[in-house]
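Below is one structure; the comments refer to it alone.
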Amino acid sequence: MDNILEPKPYKILIVKKLTAIEWLFRVEFDEIEKINYGQFIQISIPKIGEAPISITEFNAEEGWIEFLIRKVGLVTNVLFELKPGDEIFMRGPYGNGFPFDENYRNKNLIVVAGGSGCGPVRSMINAVNNNFESVKNMEVILGFKNEECILFEDDISSWEKKSNIITTVDEMCKDGNCSLGLSSGLVTEHFSKLDLSDLSNVEIVIVGPPKMMEFSAKEFVKMGVPEEQIWLSFERKMSCAVGKCGHCRVDETYVCLDGPVFNYTKGKYLID
Amino acid sequence: MSLKLTKKSFSNSFDKLKEIYTIYAPKRSPKQGRFCDTDIIKYDVINSSDEIVFNEKSNYAAKEVLSPITETLFYFTDNEYRAKKIAKKPILMFVRACDINAIKRFDDIYLKNGGFVDSFYAGIRENISFALMECPSKGWDTCFCASMKSNIVNDDEYIFGIQLGEEIKVDIKDPSLTEIFDGSQITYHVPVVEENLISVKIPMISNKDVQAKVKDLDLWKEYDKRCIKCGSCTIACSTCTCYTSYDMSYTPDSNAGERRRINASCHIDGYTDMAGGHSFRPSAGERLRFKTMHKIHDHAKRFGGEHMCVGCGRCSDHCPAFISFSTLVNKLSVEVDKLNEEDING
Ligand SMILES: Cc1cc2nc3c(=O)[nH]c(=O)nc-3n(C[C@H](O)[C@H](O)[C@H](O)COP(=O)(O)OP(=O)(O)OC[C@H]3O[C@@H](n4cnc5c(N)ncnc54)[C@H](O)[C@@H]3O)c2cc1C
Ligand code: SF4
Ligand code: SF4
Ligand code: FES
């Protein structure tokens, strides 16, 4: 019997600094066929600890996965000291991920992501961008605090070639003038620019800080989007990621097992 | 087959059992109690039949055998993980009906939840057999097992039942044990505690909207001042399974260290803390609500079986603020009845 808590060693391939405290790590991985968009991995450093981190991109042919990691504490501090060639330990993938085939295929997919919430949705947006026939249309709103916080600029410019991409910053742009292609204001202020003419065909994915997800979901419901067509990805404190430690539980739901992605009909009750 | 045994004969049987099993039972540690000059009764390995505390309820639950307060999971040497080795010798535990049912709740989480099996727990669990100890006819003053249906144990869930009072009686369920016990044949079966001194009415929450409204009840606010968020209730609880894992090095500059897990409590600060300083359920009342609902609603809803709470009453026994869990649940029942009615009447 496999020990579900035992992590395995994998080699770091690339470390890329996106902002001062958010770096991209590309790591070797061997169980890529198991991965679904929006799932996460337990990254572990012996003698330091473990932390759940979303898989932001994966490549089966080349055998790697990528993480967007924010430097906030014990494990992530040590990760920021590592370089290509060093080993980290991992177990997973965990969680359900986004139900792309079941629910989003051939639909108008709208993705709203705030800050590091771009991490969990990036692999799905990239996949759609590479195979645009898989959806009817895709539109994306990305919200960041300010211009310096913008993540994945290369990906964004490639998405812009095919989709309506709105990149907005909360703080007013410098001198009141945003750089080319940039908007300002909260993500919700841009919902009117989305194509919601066929409400029956739209599926909306929202990932970001709790308040941003709550206000965005409520706004879409106000605009007539059925609750069944809205999806959120939750973040909770986790220790085990396999339904044993209890930290991520809300009522009868374990976010690590039943989430992190929830349909809004269920997610709206997951308040505490 | 049931037998009446002399003290001497039981002591001999115990020694024979000891050859097969590592034996755990409630054991007295003098003067280690919560108040000065009080004893503590908790589960430990015992070597003689005299050590079994039969006439009192143990202060701590049987769970410690399966889920120690701190437990090493992995040893690190350089960059290698080595899982803890689990002893293969069978374990015999002297327990009450509620303890056996409590361990079934542990099984829900450690063996079933999400389809993931925790190897450390499973490794010990598969070695365990139970001896069912008879309780006083109504249990002890804080017990409410009859209300929680944890007063009942199936015959195949224990290898023998036992009364260890003035008289010693055993009811042998596992035929391979007949050679171990020597006494005169009688009729004996561990009686079920049909009724306790207190009874608890479990609230029936009719739907998700009512469940959401329970969170806003004024009832919880009363406990904001009373509960001191100490977590004693969850440590004493027969069914609290939560833990946090943490790593340590043997010395600051060594390559060797361990990953351990330590019992966690949803009553204590830090249980839900996330990066960026965000946490959930800051007030004592909200935490008490979270725990209560887990025990008498959420667990059963998830696993479709009995409630997590087995009515052992140890949370009430241990609370320094004298919060009685049974009283709380009965009060909640009254409020939930009102919410259900409001929900029907719109
Ligand atoms: C499903 C999921 C996906 C995630 N995906 C990502 C991702 O893609 N990228 C990413 O960067 N993060 C992600 N996270 C968040 C990440 O797991 C946490 O930030 C994690 O805590 C980082 O671990 P750490 O050991 O570095 O930080 P920790 O040392 O655990 O510290 C993190 C924070 O916890 C609090 N804290 C810790 N210890 C204490 C203490 N003793 N007292 C008070 N507060 C304390 C502090 O607020 C601190 O900032 C995800 C989380 C989940 C649940
Ligand atoms: S959530 Fe609270 S009540 Fe439930 S098992 Fe964990 S510590 Fe115990
Ligand atoms: S209910 Fe009592 S024992 Fe439990 S945390 Fe509150 S004060 Fe402590
Ligand atoms: S993270 Fe441990 S139960 Fe979900």
Side-chain angles (χ1 to χ4, degrees), chain A residues 1-9 42 44-52 70-76 78 86-89 91 94-96 115-116 209-211 235-254 256-258 265-266 268-272, chain B residues 73-74 76-83 109-110 112-123 208-209 211-212 215 240-249 254-259 261 264 266 270-276 278-281 286 290 293-294 297-303:
Chain A
M1 184 177 56
D2 281 349
N3 187 329
I4 52 162
L5 296 177
E6 184 163 342
K8 291 201 290 179
Q42 284 287 105
S44 135
I45 310 231
K47 303 189 293 291
I48 306 296
E50 282 191 301
R70 267 175 88 89
K71 186 177 180 204
V72 294
L74 288 172
V75 173
T76 50
V78 173
D86 290 344
E87 266 179 357
I88 58 172
F89 286 76
R91 56 185 178 92
Y94 294 125
N96 55 357
S116 47
K211 281 276 169 256
E235 214 178 275
R236 284 275 163 165
K237 172 158 176 157
M238 292 185 182
S239 187
C240 72
V242 286
K244 311 294 167 221
C245 76
H247 287 281
C248 72
R249 188 177 65 78
V250 188
D251 306 333
E252 66 276 16
T253 301
Y254 286 75
C256 67
L257 300 174
D258 311 336
T265 51
K266 180 149 198 208
K268 71 176 175 181
Y269 290 109
L270 295 181
I271 37 168
D272 227 347
Chain B
L73 304 180
F74 297 102
F76 311 128
T77 39
D78 291 317
N79 259 358
E80 242 175 46
Y81 279 74
R82 202 159 34 79
I109 294 181
Y110 280 106
K112 296 182 193 147
N113 203 15
F116 290 108
V117 174
D118 184 293
S119 319
F120 301 102
Y121 178 85
K208 263 280 179 199
D209 290 311
Q211 190 184 346
K215 294 186 180 175
C240 272
T241 55
C242 290
Y243 73 81
T244 307
S245 68
Y246 70 98
D247 286 13
M248 47 101 52
S249 316
S254 93
N255 273 328
E258 292 177 15
R259 175 158 301 159
R261 61 179 165 200
C266 59
Y271 184 80
T272 63
D273 282 5
M274 299 204 309
H278 193 72
S279 68
F280 301 90
R281 305 182 298 274
E286 288 170 293
F290 183 78
M293 295 305 286
H294 193 201
H297 177 266
D298 301 339
H299 183 91
K301 187 160 182 195
R302 182 166 185 93
F303 295 98

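Proteins get letters first, then strands, A, B, ... in listed order; numbering begins at 1 in each.
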Which atom of [X] lies closest to which atom of [Y], heavy atoms considered:
{"X": "A/Asp2", "Y": "B/Ser119", "answer": "O-OG, 3.5 Å"}
{"X": "B/Ser249", "Y": "A/Lys47", "answer": "OG-CD, 3.5 Å"}
{"X": "A/Gly49", "Y": "B/Arg259", "answer": "O-NH2, 3.5 Å"}
{"X": "B/Cys242", "Y": "A/Gly246", "answer": "SG-CA, 3.7 Å"}
{"X": "A/Val250", "Y": "B/Phe290", "answer": "CA-CE1, 4.4 Å"}

(request) Mind running salt bridge (Lys or Arg N to Asp or Glu O under 4.0 Å) on A/Glu252 and B/Lys208 for me, showing each step along the way? (result) CA-CA 11 Å; A/Glu252 66 276 16; B/Lys208 263 280 179 199; 3.2 Å; yes
With only heavy atoms counted, which part of [X] is less than 4.5 Å from chain A, the side chain, the backbone, both or neither?
{"X": "B/Glu258", "answer": "neither"}
{"X": "B/Ala256", "answer": "backbone"}
{"X": "B/Phe120", "answer": "side chain"}
{"X": "B/Tyr110", "answer": "both"}

Nearest 0.5 Å, what's the [atom1]-[atom2] distance between [X] and [Y]?
{"X": "A/Cys240", "Y": "B/Leu73", "atom1": "SG", "atom2": "CG", "result": "11.0 Å"}
{"X": "B/Asp118", "Y": "A/Asn3", "atom1": "CG", "atom2": "CG", "result": "7.5 Å"}
{"X": "B/Arg261", "Y": "A/Ser239", "atom1": "CZ", "atom2": "OG", "result": "9.5 Å"}
{"X": "B/Met274", "Y": "A/Arg236", "atom1": "CE", "atom2": "CZ", "result": "7.0 Å"}
{"X": "B/Phe76", "Y": "A/Ile45", "atom1": "CZ", "atom2": "CD1", "result": "10.5 Å"}
{"X": "A/Lys244", "Y": "B/Phe116", "atom1": "NZ", "atom2": "CZ", "result": "7.5 Å"}

(request) May I ask you to name which of B/Lys215, B/Met293, B/Met248 has the most heavy-atom pairs under 4.5 Å with chain A? (result) B/Lys215
(request) Could you have a look at B/His278, B/Lys112, B/Gln211 and say which one has the most heavy-atom pairs with chain A under 4.5 angstrom? (result) B/Gln211
(request) Take the angle between the ring planes of A/Phe89 and B/Tyr81 and call it parallel below 30°, perpendicular above 60°, tilted in between. (result) tilted
Is [X] close to chain B through its backbone or its side chain, or both, or neither, when contacts mean heavy atoms under 4.5 Å?
{"X": "A/Thr253", "answer": "backbone"}
{"X": "A/Ile4", "answer": "both"}
{"X": "A/Pro9", "answer": "neither"}
{"X": "A/Val72", "answer": "side chain"}

(request) Could you check which of A/Met238, A/Lys8, A/Glu6 has the highest count of heavy-atom pairs closer than 4.5 Å to chain B? (result) A/Glu6
(message) Tell me whether B/Arg302 forms a cation-pi arrangement with A/Tyr254, defined as NZ or CZ under 6.0 Å from the six-membered ring centre and within 45 degrees of its axis.
(response) no
(message) With side-chain hydrogen bond (donor to acceptor under 3.5 Å, both in side chains) as the criterion, how do A/His247 and B/Thr272 come out once you've worked through the C-alpha distance, each side chain's angles and the decisive distance to 0.1 Å?
(response) CA-CA 6 Å; A/His247 287 281; B/Thr272 63; over 6 Å; no
(message) Whether B/Lys301 and A/Asp251 form a salt bridge (side-chain N of Lys/Arg under 4.0 Å from carboxylate O of Asp/Glu) is what I want to check.
(response) no
(message) Please check: side-chain N/O of B/Asp247 versus main-chain N/O of A/Pro46, any donor-acceptor pairing under 3.5 Å?
(response) no
(message) Would you say that A/Leu5 contacts B/Phe74 through its side chain, given a criterion of any heavy-atom pair below 4.5 Å between the two side chains?
(response) yes
